[in-house]
Every structure is written in C-alpha cells, then in structure tokens.
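All remarks here apply to the structure that follows.
Position 1 is the first residue of the sequence, and the numbers go up from there. Order of listing sets the numbers, starting from 1, for every ligand and every atom in it.
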Amino acid sequence: MKLTSVGPSGPGAKEKCGLFGVFGDPAAVEKCFFGLHALQHRGQESAGMVLSDGETLYGFTGMGLVGEVFPQRRMKEMSDLHAHIAIGHVRYSTTGSSQLINAQPLLVEYSLGQVAVAHNGNLINATLLRDEYEAHGHIFQGSSDSEIIIHLLAKPTHITKPDPVAHVLNHLQGAFCLLLLYPDRIEAVRDSYGIRPLCLGRLPASGAYIVASETCALDIVEAEFIREVEPGEIVTIDKTGLHSRFFDGPAAVTPAHCIFEQVYFADPSSTVFGENVHIVRSRMGQQLAREAPAQADLVIPVPNCARCAAGGYAQESGIPYARGFTVSHYAGRTFIEPQQPMRDLAVKMKLNVIKEVVRGSRLVVIEDSIVRGTTTKGKMGALRRAGATEIHLRVACPPIRHPCYYGIDFPSCEELIANNRTVDEIRDYLEVDSLVYLSLEGMLSCVKDPPQHYCNACWSGKYPIHVDEAVSKFAFERYQRKLFE
Ligand code: SF4
C-alpha cells in the first residue's frame with residue numbers, strides 16, 4: 001500500500017501525545033488529571049484516563065481539553081471508583097482522524113484479561129503490520145497506528161512467550177513511548193532510540209510512582225524526579241516497586257533523541273534528555289546572536305516558544321529585550337479551525353502588537369522555528385504596520401526541509417516554506433530586512449550529548465531509522481480514515 005503524505009490542518013508542526021501514569025496513590029484520579037493538564041501542550045484534541053482498583057480497569061475518554069473531558073461531575077464519579085492506579089493520555093489528531101474512537105488510552109479485553117495502551121510517537125511499520133493482520137481476519141476499530149499494539153499483544157503465539165510484552169515490542173519500528181496498564185501493574189516502555197522523552201518520579205507523601213512524558217508533569221503533582229526511562233527499557237511498576245528489563249538489549253543502538261523537543265515542543269520548565277529546556281533554548285539564542293548579529297534597538301520574541309531563545313540573544317548581543325506582542329489566553333485553539341481564513345483570524349485574535357514598543361524601532365525578531373511561514377508572515381506584517389522601521393528575523397533552528405516519521409505532524413514537503421526555497425527567497429516572501437537561521441552545527445552545539453545522539457532528520461534529511469516505505473503516523477491515519485468513510 002502506498003500512502004501519499006498529506007499536510008496537517010494547522011499552521012505548523014504539531015506534537016502528537018503526552019503520557020501520564022500513577023501507581024499506588026489513593027488520589028490517583030486527581031493526580032492523573034493534573035498531570036495531563038501539565039502535558040496539555042503535547043495534545044489538545046482528546047484526552048483519556050484508564051483507572052484500576054487493582055482488579056478491574058475503567059476507561060474514560062473524550063474530545064477536547066483535559067478540563068473539558070473531565071469536568072467536576074465526571075471527576076467525582078471517577079473518584080468514587082477508589083482507583084489507586086491510573087494512566088492518562090492527551091492527543092493531537094489530524095484532519096479526518098479527530099474522532100473519539102482514536103482517543104487513548106485504548107482499553108480492551110483479550111484472552112489474558114484487560115489491558116489499556118497509551119502511545120506517544122509514530123510506528124513507521126504500522127501499515128505493514130496492519131495489512132498483515134487484516135489479511136488474517138483481524139478487525140480494527142479506529143484509524144490510529146497505536147491500535148496495532150493491541151493486536152500484537154493478543155496474538156495467540158505471542159501470549160505464550162516467556163515475556164510477551166518484550167516479544168511484542170521487538171515487532172515495533174519507529175518512535176514509541178508506551179504505558180500499558182494491567183489491573184495490577186503499569187509497564188512503561190521507551191523505544192530503543194529514546195526518540196521521545198519519558199521519565200519516572202515518586203510522590204514523597206504516598207510513595208506512589210509517577211511516569212510522565214515530561215518532568216513538568218512531575219512538578220505539578222509535587223513528585224520527585226527519579227530518572228528517565230532508558231532507551232529500550234521496560235519498567236514494570238507494581239505493588240513491590242520498580243522493576244527494569246530491556247527488550248532489545250541495553251544500549252542496543254545509538255540514541256536518537258528528537259532535538260525538536262528541545263527547540264519547540266517540550267515545556268521550558270521540563271528537563272528533557274537530561275537538560276532543562278529553557279536553558280538549552282537560551283543557549284540556542286546566544287549561539288544565534290554569535291552567528292547572526294544585527295544592528296537593532298530591541299530584541300522581540302514571537303510568543304510563546306521563542307521567549308527563551310530571545311532572552312539568550314539579548315543577553316549575548318547586549319540589545320535590550322522587549323515584549324512586542326501580547327497573547328490572549330482566551331482565544332481558543334487555532335489549529336482545529338478547518339479553513340485557513342478562520343485559522344488566520346484565530347491567530348489574529350491570539351496575538352496583538354504593542355505599538356508603543358515597536359513604533360520607530362529597529363527590531364531583531366526571534367522565532368523558534370518556521371514551518372509553513374504563513375503565520376510568521378502575518379506577524380511580520382503586523383510589526384511593520386505598527387511602525388517597526390527594520391525587521392531582522394532570526395530563527396533559533398535551521399530551515400525545516402524534510403518530513404518527520406517519528407511522531408511530529410509537519411506539513412507535506414511541498415508546504416514547508418524551506419522546501420526548494422533559498423533563505424533569500426524566504427526573506428523576500430516574509431518581507432523582512434534580513435533573515436538568518438541558526439546553523440545545524442550551532443544548534444547541536446547547544447545540547448550536552450554528542451551530535452550523533454540526536455535525531456535532526458527534519459533539517460538534515462538523515463533518518464536514524466530507515467524502512468523502505470516509512471509512513472508518517474498522520475498520512476497513515478488519514479489514509480485509514482478514508483477507508484472508513
Ligand atoms: Fe524530531 Fe525532526 Fe527527528 Fe522528527 S525528524 S524526531 S521532529 S528531530
């Protein structure tokens with residue numbers, strides 16, 4: 001089956017999911033709720049929780065933000081189940097796959113009992129596996145790549161293996177952080193490349209264990225960070241504590257941590273791949289100032305993600321930092337608007353220029369990244385109309401030219417502004433006085449591990465995991481969705 005890559009509904013890149021789990025806390029439901037709230041930036045279209053009282057799993061999912069899916073009345077009903085174990089998931093969906101059936105955690109009953117699965121990442125061999133299983137009569141309910149994991153777990157020849165979970169994981173290719181919930185335990189899994197982040201924590205008061213996509217979710221429930229789940233590791237959390245094993249041998253491959261987590265996706269307060277995100281972004285801003293100085297009066301970030309890099313640029317250059325935009329926190333989610341004009345309007349509602357700051361000034365404007373370029377162009381136009389005399393745009397990562405097969409929803413190659421355009425052509429399109437991107441070497445010099453330990457494929461085109469017919473999760477989901485229509 002050949003899939004064509006199709007762009008997402010939104011203006012730029014979208015993270016797919018966030019995971020949160022808690023084991024051994026009488027207020028597991030509330031902890032999971034707050035943990036998912038802290039991870040809301042990783043997915044805003046659906047949310048879900050599966051709870052366990054030690055014997056039975058109870059599933060709850062819905063479309064919308066965590067607060068919308070779990071209003072007070074529903075939380076009360078869930079609390080009445082007296083669960084001490086819970087896993088949760090927030091999800092960003094693509095056009096056509098925004099359905100409740102794809103909301104996670106997926107909860108099923110199979111020959112060994114109940115299991116729930118929550119997944120962050122992209123299985124690049126999902127198409128091949130699904131075709132194979134469908135040919136053997138398996139029926140899939142949704143269009144998500146994650147559903148194949150359930151079928152692998154339930155396969156009769158897999159459940160008789162000495163370690164069925166490890167056996168199943170060796171069938172998966174691509175990026176996957178998983179939480180598997182059984183009535184008596186959580187299995188937390190990270191793929192052998194460690195592409196997406198996953199960390200462990202503990203609540204000092206109850207001794208409960210937490211597992212989360214980012215440390216900001218540990219902080220919100222006041223859990224202490226223990227460590228990251230290692231690439232290729234399965235951590236079992238049960239009433240006897242934490243137990244570790246590796247499904248592909250420890251350190252079987254060189255890690256390929258997604259550096260875009262550091263550039264854009266992760267919360268600045270989080271520690272990801274062993275480093276605080278804000279500090280890494282500040283370093284990227286400093287490096288950008290060294291590589292691309294400008295004569296200007298003010299350094300202005302494009303909200304919100306570029307603030308850390310803009311602070312670093314200002315510090316290194318000595319040019320004062322200023323706030324040129326205000327952000328409305330009540331304007332809603334822009335990317336779910338189906339039509340471009342509505343999205344443009346929603347972006348306008350979100351950002352407003354502070355004219356008194358920018359009028360008559362030469363600006364260095366810092367962007368964290370440019371994907372399509374349409375929203376950046378709109379923001380530059382707004383600054384110009386507000387009276388900026390010069391705009392020197394500096395981008396805290398290199399030009400994005402390639403798709404991601406590991407869980408980030410970029411537009412198709414044709415829609416990426418840097419695809420087949422020179423930097424000068426992009427500068428002209430954006431109508432700015434100068435444009436400089438951070439170099440790949442410069443970006444990689446800002447993180448602590450050796451460059452070869454990070455995936456940078458969307459910039460370099462060098463993919464750490466190769467398959468002949470790699471398919472992005474998003475193209476896969478859109479294709480599957482079409483079959484259902
Ligand atoms: Fe991250 Fe880019 Fe690699 Fe995708 S291709 S995992 S976004 S660095």
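- The atoms of ligand 1 that sit less than 4.0 Å from any heavy atom of Cys258 are 1 (Fe), 6 (S), 7 (S), 8 (S).
- Between Glu233 and Arg245, no side-chain nitrogen of the basic residue sits less than 4.0 Å from a carboxylate oxygen of the acidic one, so the salt-bridge criterion is not met.
- Of the protein's non-hydrogen atoms, the one nearest atom 7 (S) of ligand 1 is Ile408 CG1, 3.5 Å.
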Report the C-alpha separation of Glu214 and His41 in whole Å, then their side-chain angles, then the decisive distance to 0.1 Å, and conclude whether the side-chain hydrogen bond (donor to acceptor under 3.5 Å, both in side chains) test is met.
CA-CA 11 Å; Glu214 292 182 34; His41 58 283; 2.9 Å; yes
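- Under 4.0 Å is where a charged nitrogen must lie from a carboxylate oxygen, and between Arg283 and Glu275 at least one such pair does.
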Starting from the C-alpha separation in whole Å, work towards a yes-or-no answer on side-chain hydrogen bond (donor to acceptor under 3.5 Å, both in side chains) for Gln141 and Glu147.
CA-CA 8 Å; Gln141 295 201 321; Glu147 200 177 334; over 6 Å; no
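- Atoms of ligand 1 found under 4.0 Å from any heavy atom of Tyr406, numbered from 1 in the order shown, are 6 (S).
- Counting atoms of ligand 1 from 1 in the listed order, those under 4.0 Å from a heavy atom of Cys458 are 2 (Fe), 5 (S), 7 (S), 8 (S).
- Within ligand 1, counting atoms from 1 as listed, the ones closer than 4.0 Å to a heavy atom of Phe260 are 1 (Fe), 7 (S).
- Formation of a donor-acceptor pair under 3.5 Å by the Gln104 side chain with backbone atoms of His119 is found in this model.
- With 2.8 Å as the limit, Cys404 counts as an N, O or S neighbour of atom 4 (Fe) of ligand 1.
- Counting atoms of ligand 1 from 1 in the listed order, those under 4.0 Å from a heavy atom of Arg196 are 6 (S).
- Near Cys455, meaning under 4.0 Å from one of its heavy atoms, ligand 1 places the atoms 3 (Fe), 5 (S), 6 (S), 8 (S).
- When the options Asn120, Asp191, Asn122 are evaluated for a side chain to side chain contact (heavy atoms under 4.5 Å, CB included) with Arg196, the one that passes is Asn120.
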